[in-house]
Enquirer: 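Dropping a structure here in structure tokens format, bear with me for questions.
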2 protein chains.
Amino acid sequence: MRYSRQRELITEIIKGRKDHPTADMIYQSARELEPNISLGTVYRNLKLLSDDKVIITLETEDKRLHYDGDTSRHSHFICSKCGKIIDLFKPSETPSEIKEAGLFVTGEKCVYYGYCTDCNN
Amino acid sequence: MRYSRQRELITEIIKGRKDHPTADMIYQSARELEPNISLGTVYRNLKLLSDDKVIITLETEDKRLHYDGDTSRHSHFICSKCGKIIDLFKPSETPSEIKEAGLFVTGEKCVYYGYCTDCNN
DNA sequence: ATAATAATAGTAATCATTACTGATAACGAT
DNA sequence: ATCGTTATCAGTAATGATTACTATTATTAT
């Protein structure tokens with residue numbers, strides 16, 4: 001894969017923030033430094049980065065993909081009211097049933113839903 | 001909520017199968033008994049049933065929603081090669097961090113990725 | 001520096017899902 | 001049982017996130 005200024009910028013943006021932005025949010029942020037960057041470029045590179053396991057893709061209920069620059073094994077909590085995504089750093093335990101069934105695991109995505117402390121009042 | 005023949009049929013179809021069909025698959029199946037049923041009707045009722053927790057909605061990597069008539073607490077395994085969705089009946093353990101953080105949990109969706117026994121050869 | 005070609009910007013296309021609209025059907029009240 | 005209200009429907013149009021396309025630009029091996 002060749003170097004590109006745009007991909008470097010996109011990677012820096014995702015790695016540099018602690019929220020879980022959508023492609024459009026990353027696009028808006030990237031345009032501040034690279035005003036002519038194309039939304040298609042953002043999408044293409046997000047897919048490349050995700051395929052290379054440089055970032056993580058989250059499929060959420062809002063029908064948009066969210067991206068996470070933290071690739072360490074962890075789960076997420078999504079507030080059903082405000083939509084906030086919170087990192088949970090103690091990952092869930094993988095069910096023993098998986099190895100018993102002879103399945104080969106390469107990854108996991110555990111999302112817990114509910115209300116965050118701000119919204120549960 | 002009023003009774004409707006279409007919603008009853010849709011519910012029966014989902015509850016009666018063990019796979020995790022998309023809206024279109026349910027639509028195709030429904031048309032066998034109700035040839036004039038509309039795809040919009042299928043989508044609207046799937047959303048109603050999901051809101052009422054009669055069925056579960058799964059956001060997968062294929063960009064289509066999949067539905068599960070089994071609402072018991074369980075996880076899923078998705079084969080990255082053939083796309084097959086396998087039920088895991090021993091649910092993952094909820095991370096202790098959640099209660100410690102004061103978050104109120106209403107649901108969870110844990111998906112494990114990898115290769116099924118058919119595809120791991 | 002040059003050639004080969006990966007990557008880009010800008011735009012058009014895709015496609016799952018949702019919204020809309022006039023007709024139909026469920027069902028409580030009469 | 002009929003009537004009126006209105007939820008639900010069939011059919012179709014619109015939406016919007018994502019992907020595909022194309023001519024141009026930029027990277028990198030030689």
Side-chain angles (χ1 to χ4, degrees), chain A residues 1-14 19-52 54-69 78 80 83 85 109 111, chain B residues 1-14 19-52 54-69 78 80 83 85 109 111:
Chain A
M1 202 193 302
R2 280 188 191 169
Y3 168 85
S4 93
R5 197 175 63 252
Q6 291 87 337
R7 180 161 50 244
E8 174 121 325
L9 175 58
I10 291 165
T11 307
E12 270 174 22
I13 288 171
I14 304 176
D19 59 347
H20 304 76
T22 62
D24 194 66
M25 290 163 76
I26 293 163
Y27 172 59
Q28 297 302 338
S29 176
R31 287 214 301 178
E32 291 171 14
L33 281 168
E34 192 77 31
N36 288 328
I37 195 170
S38 163
L39 182 56
T41 297
V42 174
Y43 271 106
R44 184 166 29 76
N45 280 298
L46 287 173
K47 172 164 281 195
L48 284 171
L49 293 170
S50 186
D51 288 346
D52 281 11
V54 176
I55 62 174
I56 288 172
T57 302
L58 292 172
E59 298 86 18
T60 66
E61 289 184 331
D62 70 359
K63 309 269 195 293
R64 291 178 296 177
L65 296 176
H66 289 253
Y67 298 91
D68 189 348
I78 302 182
S80 299
I85 303 177
K109 287 177 187 170
V111 180
Chain B
M1 202 194 304
R2 280 188 192 168
Y3 168 85
S4 94
R5 197 174 63 250
Q6 290 86 341
R7 181 160 50 245
E8 174 121 325
L9 175 59
I10 290 165
T11 307
E12 271 173 22
I13 288 171
I14 304 175
D19 59 347
H20 304 76
T22 62
D24 194 65
M25 290 163 75
I26 293 163
Y27 172 59
Q28 297 302 338
S29 176
R31 287 215 300 178
E32 292 171 12
L33 280 167
E34 192 77 31
N36 288 329
I37 196 170
S38 163
L39 182 56
T41 296
V42 173
Y43 271 107
R44 184 166 31 76
N45 280 297
L46 287 172
K47 172 165 280 192
L48 285 171
L49 293 170
S50 187
D51 288 346
D52 280 11
V54 176
I55 62 174
I56 287 172
T57 302
L58 292 172
E59 298 87 18
T60 66
E61 290 184 329
D62 70 0
K63 309 266 193 291
R64 291 177 297 176
L65 296 176
H66 289 253
Y67 298 91
D68 190 348
I78 301 182
S80 298
I85 303 177
K109 287 177 187 171
V111 180

Enquirer: Are side-chain heavy atoms of A:Thr57 and A:Lys47 found at a separation under 4.5 Å?
Expert: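 A side-chain contact is absent here, since even the closest heavy-atom pair is not under 4.5 Å.
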Enquirer: Any heavy-atom pair between the side chains of A:Met1 and A:Asp52 that's under 4.5 Å?
Expert: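 Contact flag for A:Asp52/A:Met1 side chains = yes.
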Enquirer: May I ask you to evaluate whether A:Lys63 reaches the phosphate of C:dA16, defined as a side-chain N or O under 4.0 Å from OP1 or OP2?
Expert: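 For C:dA16, neither OP1 nor OP2 has a side-chain N or O of A:Lys63 closer than 4.0 Å.
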Enquirer: Atom CD1 in A:Ile10, atom CD1 in A:Ile55: separation rounded to 0.5 Å?
Expert: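 Rounded to the nearest 0.5 Å, the CD1-CD1 separation comes out at 9.0 Å.
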Enquirer: Flag the pair A:Gln28 / A:Arg31 as yes when at least one side-chain heavy-atom distance between them is below 4.5 Å, and no otherwise.
Expert: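 Yes, their side chains come closer than 4.5 Å.
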Enquirer: In Å and rounded to the nearest 0.5 Å, what is the CG to CD1 distance from B:Leu49 to B:Ile14?
Expert: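 Those atoms lie 6.0 Å apart.
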Enquirer: Give the first and the last nucleotide of DNA chain D, reading 5' to 3', that has any atom under 4.0 Å from a heavy atom of chain B.
Expert: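 Range of nucleotides touched by chain B: D:dT5 to D:dT19.
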Enquirer: Tell me which residues in residues 25-46 of chain A put a heavy atom below 4.0 Å from DNA chain C, sorted by number, or none.
Expert: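 Heavy-atom contacts with DNA chain C come from A:Asn36, A:Ile37, A:Ser38, A:Thr41, A:Arg44, A:Asn45.
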Enquirer: Taking C-beta and beyond as the side chain, do A:Leu48 and A:Arg7 meet within less than 4.5 Å on heavy atoms?
Expert: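 Yes, side chains in contact.
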Enquirer: At under 4.0 Å between heavy atoms, how does the protein contact nucleotides 24-30 of chain C? Give one character per nucleotide, 5' to 3', with B, S or -.
Expert: -BBS---
Enquirer: Going by heavy atoms in the side chains, are A:Glu59 and B:Val111 under 4.5 Å from each other?
Expert: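 No - every pair of side-chain heavy atoms lies 4.5 Å or more apart.
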Enquirer: If you define the side chain from C-beta out and look only at heavy atoms, does anything of A:Arg44 sit under 4.5 Å from A:Thr41?
Expert: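 Yes, side chains in contact.
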Enquirer: Between atom CG in A:Leu48 and atom P in C:dA7, what is the gap in whole Å?
Expert: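 Spelled out: CG on A:Leu48 to P on C:dA7 is 7 Å.
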Enquirer: C:dA9 P sits how many Å from A:Leu9 CG, rounded?
Expert: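 Value for this atom pair: 10 Å.
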Enquirer: Would you call A:Thr22 and A:Met25 a side-chain contact if the rule is heavy atoms closer than 4.5 Å?
Expert: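 Sidechains of A:Met25 and A:Thr22: in contact.
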Enquirer: Please examine the side chains of A:Ile56 and A:Tyr67, heavy atoms only from C-beta on, and report whether any two atoms are closer than 4.5 Å.
Expert: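 Result no, sub-4.5 Å side-chain heavy-atom pair not found.
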Enquirer: Once you round it to whole Å, what is the distance between C1' of C:dA9 and CD1 of A:Ile10?
Expert: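 Atom-to-atom, A:Ile10 to C:dA9, this comes out as 12 Å.
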